[in-house]
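Ligands are counted one by one from 1 in listed order, and the atoms in each one are counted from 1 as well.
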Amino acid sequence: MQLIRQMTKDYADYLFDESRTMGKAEYIAFPTGEAELREAVIWCAKEGVPLTAQGGLTGLAGGASPARGLALNLSRMDKILGLRRYEGGTYYLRVQPGLRLTQLRRALAAKAFDISGWDEASIEALRPVKAGELFFPPDPTEPTASLGGMAACNACGARSVLYGCTRAHVNALRVVLADGRVASLARGRDRAQGRHIALPLEDGGVFEAELPPFDTPPIKDAGYFIRENMDLVDLFMGSQGTLGIISELELRLMPAPKHLWGLTAFFPDDENALAYVRAVKGRSDAGVPPFPHRAASIEFFDKNALDMVMRQKEITPVFRRLQTLPENYNCGVYVEFNGDDPSEMTPILKDLAAVITAVGGDPARTWVARDGLELEQLLFFRHSVPETIDLIIEENKKKEPCITILSTDMAVDDGHFDELFHIYRKDLSATSLHWIIFGHIGENHVHPNILARTREEYEQGHMIFEKWARDVHRMGGSISAEHGAGKIKKKLALIMYDPEKMKALVALKRAFDPDLLLGPGNILTIDGEAGA
Ligand SMILES: Cc1cc2nc3c(=O)[nH]c(=O)nc-3n(C[C@H](O)[C@H](O)[C@H](O)COP(=O)(O)OP(=O)(O)OC[C@H]3O[C@@H](n4cnc5c(N)ncnc54)[C@H](O)[C@@H]3O)c2cc1C
């Protein structure tokens, strides 16, 4: 089968990601391994054709919607390649970038690996592993995301409160650079010297460049990661396919928690929910006795989000099994705990009930999940919020093609979160837009979403986001905690980085990719770049 194919209407589904940003491409390729991936990249370099890497196409910022040139779809690079057990007992799994999270989870849960092609050491390492014993914690809530795409966005999701984001769980990478050469990088082994980077290449050469003279925000951020003496692996985590194409990842696995519990509490007002979150996080300004347990996940749903899901429950058959909300609901907060001993659950629930009462809620008006099945119900409810947004945007787009998902994931520190939340509420309440707020309140980045119905509303939404980006920049925050700037939010990236910093990032990009062929239109504002 020919590697580089003409783009035809048969491939129309590869022109957009989940944000519904419509792209265009002249060619498409589905490499099945690193050699074919390199072949495609080298062809692009020779022909001067830009290329956009695509994983699961679940991104929410248009990063994988190709701006032009070649759509480099990695979905056929979805193999698990091997396993290592290092001193201390940690397991590392080598995977291709197109492997979907759902495939990885299934393999780990059932110990069902296709070991053809594995080396002896990997087969030996797998032997003592029990089904369900190991897990990969990052959970961007959309299980069809690919591991390469998650790394390229440093995806986080619901459980990163406890486990951290994808970056924390990737130990090594192989990366195909713009000229087709391959860098093989391992955490701890390959580091910058101050701000000088020297990437060891497979062909024996070294790729050298200088990092920008500033650090990216210390807040959770899905964009470039820049630090002195940084691990070079991290340079590609969050670069959204603009510096190189990840062709292999080594994932750090963890012992899977044996028990998961969850509880969704409902509150009469957002202020009660904010107080609850402060308390569950054990913050000293919570105003309640210290809550001694560590949550894995803390998720918020405002009234508009709950109303939206209830309306969708009426009209979409798959949503009929959603729970019915308690009467007079206003907003809700889902909290999850992971542990190894079921006896841990009773004191957690008891302490949580005390906190709920202390902040003005009612422990009787909660949904409690004590086992996997019940938890699945609560998670299904959580996932139904972004799923419903998708459905609504798809409908709205039929009437106004310029519409895409307008979802923000700006992050600030604990000290600024309540201020930011109140800004969101005030600015949105002053409009007649259809909006909702939900998401990862545990790490100070909820997702205000504007569900635009017209071009005017869509443009108004962008202007509101730009205002928030300035607010967040003033607070020292990040314009995108986990989805990345992609194409939809590159204007916001320009606010966060300011023109001088943007120039320095572009200089880094040019060092890696002098002809600007990788991920055109993503993150960076580049003077003179066509279609950027
Ligand atoms: C319903 C829903 C809920 C979501 N919730 C969350 C959430 O809670 N938290 C969260 O973090 N995310 C969330 N996401 C979005 C999230 O960004 C993606 O799920 C994931 O991180 C991207 O994976 P992907 O394989 O789909 O990447 P794609 O969308 O295909 O690509 C994303 C970016 O990565 C680049 N890329 C892809 N593969 C490679 C590669 N091998 N090398 C270099 N660059 C590459 C692309 O060019 C693009 O810029 C959600 C998405 C949906 C649809």
Side-chain angles (χ1 to χ4, degrees), residues 14 16-21 23 31 34 37 41 50-67 70-75 77-78 95-102 138-160 165-167 173-177 220-223 235-249 297 299 379 382-391 393 405 407 409 411 438-440 442-443 445-447 449 480-490 518-523:
Y14 298 97
F16 59 93
D17 68 2
E18 203 72 36
S19 72
R20 313 272 153 190
T21 305
E34 190 182 89
L37 198 170
V41 172
L51 66 110
T52 301
Q54 301 184 328
L57 286 163
T58 70
L60 296 175
S65 305
L70 175 83
L72 184 63
N73 189 284
L74 304 174
S75 57
M77 288 180 67
D78 65 347
V95 306
Q96 288 186 315
L99 184 77
R100 307 233 181 201
L101 192 54
T102 177
D139 176 19
T141 74
E142 175 50 62
T144 60
S146 73
L147 273 303
M150 286 173 62
C153 296
N154 189 29
C156 298
R159 294 192 177 120
S160 57
C165 299
T166 304
R167 176 175 294 131
L173 289 181
R174 287 174 67 84
V175 182
V176 177
L177 302 182
K220 192 171 164 185
D221 184 55
L235 200 52
F236 297 93
M237 310 274 311
S239 68
Q240 293 164 47
T242 58
L243 299 181
I245 311 301
I246 299 166
S247 56
E248 193 178 301
L249 305 94
S297 167
E299 298 286 307
L379 293 176
R382 160 65 178 79
H383 198 52
S384 72
V385 180
E387 286 285 340
T388 303
I389 292 170
D390 272 0
L391 293 172
I393 294 302
I405 280 190
S407 167
D409 56 333
F438 79 103
H440 314 309
E443 287 189 290
H445 63 97
V446 284
H447 300 309
N449 271 253
S480 177
E482 58 177 12
H483 298 159
K487 296 182 182 67
I488 299 183
K489 290 185 259 182
K490 62 188 280 185
L518 303 183
N522 280 354
I523 319 175

How far is atom 51 (C) of ligand 1 from the closest protein heavy atom, and which atom is that? Thr58 O, 3.3 Å

Tell me the nearest of Ala152, Ser407, Gly63 to atom 36 (N) of ligand 1, using heavy-atom distances. Ala152

Would you check the N or O atoms of Gly56, main chain and side chain alike, for any that come under 3.5 Å of an N or O of ligand 1? yes

Knowing that exactly one of Ile245, Leu518, Val176 qualifies, which makes a side chain to side chain contact (heavy atoms under 4.5 Å, CB included) with Leu72? Ile245

Using a strict cut-off of 4.0 Å, indicate which atoms of ligand 1 neighbour a heavy atom of Gly244. 43 (C)

Below 3.5 angstrom, do we get any N/O pair linking Leu60 and ligand 1? no

May I ask you to test the Gln96-Glu248 pair for a side-chain heavy-atom distance under 4.5 Å? no

Does any N or O in the side chain of Thr166 come within less than 3.5 Å of the main-chain N or O of Ala151, such that one atom is a donor and the other an acceptor? no

For atom 11 (O) of ligand 1, what is the nearest protein heavy atom, given as residue, atom name and distance? Cys156 N, 2.9 Å

Go through ligand 1 atom by atom and flag the ones less than 4.0 Å from a non-hydrogen atom of Asn522. 49 (O)

Where ligand 1 meets Leu74 - atom numbers and elements under 4.0 angstrom, heavy-atom basis: 40 (C), 41 (N)

Nearest-neighbour protein heavy atom for atom 30 (O) of ligand 1, which is reported as residue plus atom name and distance: Gly55 N, 2.7 Å

Would you kindly specify which portion of Pro140 sits under 4.0 Å from ligand 1, judged on non-hydrogen atoms: side chain, backbone, both or neither? both

For a quick test of reading the model, state the closest non-hydrogen atom pair linking Gly55 to Asn73 and the distance between them. O-ND2, 4.4 Å

Please identify which atoms of ligand 1 are closer than 4.0 Å to at least one heavy atom of Glu18. 53 (C)

State the atoms of ligand 1, each with its element, that fall below the 4.0 Å cut-off from a heavy-atom position in His440. 7 (C), 8 (O), 9 (N)

for atom 37 (C) of ligand 1, nearest protein heavy atom and its distance come out as Gly149 CA, 3.5 Å

Closest approach of Leu74 and Leu37, non-hydrogen atoms and distance? CD2-CD1, 3.9 Å

How far is atom 29 (O) of ligand 1 from its nearest protein heavy atom, and which residue and atom is that? Gly59 N, 2.8 Å

Between the side chains of Ser160 and Lys220, is a donor N or O closer than 3.5 angstrom to an acceptor N or O? yes

Taking Met150 as the fixed residue, which of Asp139, Leu101, Leu249, Ile246 is the one that meets the side chain to side chain contact (heavy atoms under 4.5 Å, CB included) rule? Leu101

Check for me whether Cys153 has a heavy atom closer than 4.0 Å to any atom of ligand 1. yes

Check: His483/Glu18 side-chain N/O donor and acceptor closer than 3.5 Å: no

Which heavy-atom pair separates Gly62 from Lys487 by the least distance, and what is that distance? O-NZ, 2.9 Å

Can you tell me the protein heavy atom closest to atom 52 (C) of ligand 1 and the distance? Glu142 CB, 3.6 Å

Given Ile246, Asp17, Thr388, which one has a non-hydrogen atom that is nearest to atom 41 (N) of ligand 1? Ile246

Could you tell me which atoms of ligand 1, counted from 1 in the order shown, lie closer than 4.0 angstrom to a heavy atom of Ala155? 11 (O), 21 (O)

Can a non-hydrogen atom of His447 be found less than 4.0 Å from any atom of ligand 1? no

Distance check, rounded to the nearest 0.5 Å: Glu142 atom CD versus Thr102 atom OG1? 9.5 Å

Check for me whether His383 has a heavy atom closer than 4.0 Å to any atom of ligand 1. yes

Looking only at non-hydrogen atoms, find the nearest pair between Ala152 and Gly241 and report the distance. CB-N, 4.3 Å

Go through ligand 1 atom by atom and flag the ones less than 4.0 Å from a non-hydrogen atom of Gln54. 30 (O)

Mind checking the CE-CD spacing from Met77 to Glu34? Nearest 0.5 Å is all I need. 6.5 Å

Taking the non-hydrogen atoms of Gly98, is any one of them nearer than 4.0 angstrom to ligand 1? no

With rounding to the nearest 0.5 Å, note down the distance linking OG in Ser384 to CG in Asp390. 11.5 Å

Please write down residue, atom name and distance for the protein heavy atom closest to atom 47 (O) of ligand 1. Ala53 O, 2.7 Å

Taking the non-hydrogen atoms of Gly519, is any one of them nearer than 4.0 angstrom to ligand 1? no

Heavy-atom contacts with Gln240 under 4.0 Å: which atoms of ligand 1 show up? List them by number with element. 47 (O), 49 (O)

Does Thr144 reach the main-chain N or O of Gly56 with its side chain, forming a donor-acceptor pair under 3.5 Å? no

Which heavy atom of the protein is the closest neighbour of atom 3 (C) of ligand 1, given with residue, atom name and distance? Thr141 OG1, 3.4 Å

Polar side chain donor-acceptor pair, Ser480 to Asp409, under 3.5 angstrom: yes

